[in-house]
2 protein chains.
Amino acid sequence: MRVYLAGPDVFLPDPLSRAARLKLRCAAHGLVGVSPLDALADEPPHWSTLPEALRIARRNEAHIASCDVLLANLTPFRGASADVGTVFELGFMRALARPVFGWSNSATDFASRTRGLHAVTGAVDADGMLIEDFGLGDNLMIDGAIAASGGVFIRRDCVPDQIWSDISAFESCLAAIRRL
Amino acid sequence: MRVYLAGPDVFLPDPLSRAARLKLRCAAHGLVGVSPLDALADEPPHWSTLPEALRIARRNEAHIASCDVLLANLTPFRGASADVGTVFELGFMRALARPVFGWSNSATDFASRTRGLHAVTGAVDADGMLIEDFGLGDNLMIDGAIAASGGVFIRRDCVPDQIWSDISAFESCLAAIRRL
């Protein structure tokens with residue numbers, strides 16, 4: 001089973017060794033991890049004329065479409081929510097009607113994180129905009145898609161300085177994916 | 001042509017009148033605006049047993065699938081990027097291979113916004129994570145999907161206190177959608 005490894009992991013200082021580490025753990029579970037950094041075997045020749053960023057986007061979409069499952073690192077990224085690129089990919093796979101899984105190194109619910117980051121105590125922020133508060137891990141489209149697809153969203157706190165290195169929640173997701 | 005109106009507009013103080021305003025502008029362009037707040041005509045009866053948040057997520061997915069085009073309010077929301085729920089929906093529609101359009105009341109590029117918000121001057125943030133810097137409006141999956149789908153991403157600055165009320169970029173997108 002091919003598992004697309006979505007996440008802001010691509011922004012880590014050594015993204016290739018991170019990808020290699022995650023793929024090794026996939027292999028230990030009998031799964032094939034596919035990284036956004038992988039070359040695309042059958043990349044259409046005309047993509048070479050695209051600007052680099054747009055070529056990466058097309059390649060990632062093709063990688064996702066080639067996988068059976070998507071597993072997203074939804075650890076909050078520069079704010080209360082997951083990385084938007086990762087969330088785009090989760091939505092993409094959800095529309096393909098395949099299972100989507102998520103993991104996060106924050107056990108705190110989305111509303112509490114939002115209030116904490118933006119110094120809000122009530123129902124709305126400083127712009128008067130509602131704080132979504134359903135006790136979920138992130139925006140309801142994320143938790144909703146994972147639940148509806150048959151996946152799981154595993155959230156747990158870790159040692160603060162290991163937010164981007166602790167992969168125990170990732171491992172738990174792999175065990176769940178193996179049982180699909 | 002049915003146009004799904006994605007955006008954090010649902011978090012505004014009066015989301016129903018906002019939706020009505022956007023739909024009126026759609027109608028003026030000969031388009032049918034579909035809001036996440038709309039009732040779903042043929043909602044499966046068993047969804048009534050779902051928790052509210054998950055029912056909203058399913059309903060939004062069904063609304064998107066019923067539309068020909070998605071138009072997303074990608075104005076930065078509580079950070080450098082667009083609202084993640086909106087971006088999920090953009091990815092969902094992109095996987096359905098239909099055109100996706102975006103508008104934003106920030107003309108500043110994504111890297112500059114990220115650096116500004118997180119007081120970063122170099123290539124990486126305080127966690128050592130790379131600042132994506134391709135001169136785009138947001139994460140490359142967003143700009144890439146819009147471009148690849150045949151849509152446009154219209155970004156322009158507005159009067160600061162009109163970030164959530166100025167819809168001139170939205171109007172420009174409607175004109176572009178009408179030409180599809």
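Convention: sequence-line order gives letters A, B, ...; per-chain numbering from 1.
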*Verify whether one side chain among A:Arg155 and A:Thr108 offers a donor that lies under 3.5 Å from an acceptor in the other.*
no

*Is it the backbone or the side chain of A:Pro15 that comes under 4.5 Å from a heavy atom of chain B, or both, or neither?*
neither

*Indicate the ring-plane relationship of B:Trp164 and B:Phe77, choosing parallel, tilted or perpendicular according to the 30° and 60° boundaries.*
perpendicular

*A:Thr86 versus chain B, heavy atoms under 4.5 Å apart: side chain, backbone, both or neither?*
neither

*Are A:Asp125 and A:Arg115 within salt-bridge range, i.e. N to O under 4.0 Å?*
no

_Structural part of A:Leu136 lying under 4.5 Å from a heavy atom of chain B_ = side chain

*Which atoms of A:Ala80 come close to chain B, meaning under 4.5 Å heavy atom to heavy atom: side chain ones, backbone ones, both, or neither?*
neither

_Which one wins on heavy-atom pair count under 4.5 Å against chain A: B:Ala145, B:Ala82, B:Ala57?_
B:Ala57

_Selection from B:Ala65, B:Gly79, B:Gly128, B:Pro51 maximising heavy-atom pairs under 4.5 Å formed with chain A_ = B:Gly128

*In terms of heavy-atom proximity below 4.5 Å to chain A, should B:Ile64 be classed as side chain, backbone, both, or neither?*
neither

_chain B interface, residue from A:Leu50, A:Leu117, A:Ile131 that has the most non-hydrogen pairs under 4.5 Å_ = A:Ile131

*chain B contact via A:Ile163 - which portion, at a heavy-atom distance below 4.5 Å*: neither

_Distance-minimising heavy-atom pair for B:Val120 and B:Val124_ = CG1-O, 3.1 Å

*Select one option (side chain, backbone, both, neither) describing which atoms of A:Arg78 are under 4.5 Å from chain B's heavy atoms.*
both

*In terms of heavy-atom proximity below 4.5 Å to chain B, should A:Asp161 be classed as side chain, backbone, both, or neither?*
neither

*For A:Val84, is it the side chain, the backbone, both, or neither that has a heavy atom closer than 4.5 Å to a heavy atom of chain B?*
both

_Distance (rounded to the nearest 0.5 Å) between B:Phe101 CZ and B:Ile146 CD1_ = 9.0 Å

_Under 4.5 Å from a heavy atom of chain A, the part of B:Pro8 involved_ = both

_Structural part of B:Arg94 lying under 4.5 Å from a heavy atom of chain A_ = both

*Do A:Asp9 and A:Arg21 meet the salt-bridge criterion of a basic N to acidic O distance under 4.0 Å?*
no

*Do you see a donor-acceptor pair shorter than 3.5 Å between the side chains of B:Ser149 and B:Arg98?*
no

_Gap between atom CD of B:Glu61 and atom CG of B:Leu40 - 0.5 Å precision_ = 11.5 Å

*Could you verify whether a donor N or O on one side chain and an acceptor N or O on the other, from B:Arg55 and B:Ser48, lie under 3.5 Å apart?*
no

_A:Phe170 side, atom CZ; A:Leu5 side, atom CG - distance, nearest 0.5 Å_ = 5.0 Å

*Which atoms of A:Ala148 come close to chain B, meaning under 4.5 Å heavy atom to heavy atom: side chain ones, backbone ones, both, or neither?*
both

*Go through the atoms of B:Ala147 and report whether side chain, backbone, both or neither lie under 4.5 Å from a heavy atom of chain A.*
side chain

